[in-house]
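What follows is one structure encoded as structure tokens, with my remarks underneath.
As a basis for the values below, the full set of heavy atoms in this structure was taken, side chains included, without hydrogen atoms, waters or symmetry mates.
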Amino acid sequence: MDLAARQPTVILAEPDFLIAEDLSDALMGAGYRVLGPFATTPEALAAIDLASPALAVVDVKLRDGFCTVLGRELRQ
């Protein structure tokens, strides 16, 4: 089994590019495989359909508004 397959997956939803890049670097440095960053709810929802993240780092307000739908879907 390769290293990428053993890394826990985190979904990153953050609309600000600089913050997203910094968070992504920090998460990868901590050993996570990062999906994203995603700036909108539909982008993040599409990623969830492809992989089940172990962790989510989500800004409460994305470019298309509050991420209530994303939060509900992550809880499922």
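Looking at L70 and L45, their side chains come closer than 4.5 Å, going by heavy atoms from C-beta outward. Between V57 and I11 the shortest side-chain heavy-atom distance does not fall below 4.5 Å. Put simply, the side chain of L74 reaches to within 4.5 Å of the side chain of I48, judged on heavy atoms.
Minimum interatomic distance between A47 and F38 (heavy atoms only, all atoms of both residues): CB-CZ, 3.4 Å. Among all heavy-atom pairs drawn from A54 and P8, the shortest one is CB-CB, 4.2 Å. Here the closest non-hydrogen pair linking P15 and L62 is CD-CD2, 3.7 Å.
Identified under the side-chain hydrogen bond (donor to acceptor under 3.5 Å, both in side chains) test for residues 8-32, with sequence neighbours left out: T9-R33.
Annotation: the span from D59 atom CG to I19 atom CD1 amounts to 7.0 Å, rounded to 0.5 Å. For the atom pair L12 CG and M28 CE, the distance stands at 9.5 Å (nearest 0.5 Å).
Under the 4.5 Å side-chain heavy-atom criterion for Ile, Leu, Val, Met, Phe, Trp and Tyr, L35 and L27 are members of distinct hydrophobic clusters.
Under a 3.5 Å cut-off, the side chain of Q76 and the backbone N or O of E73 do not form any donor-acceptor pair. Side chain of D64 to backbone of T41: a donor-acceptor contact under 3.5 angstrom is found.
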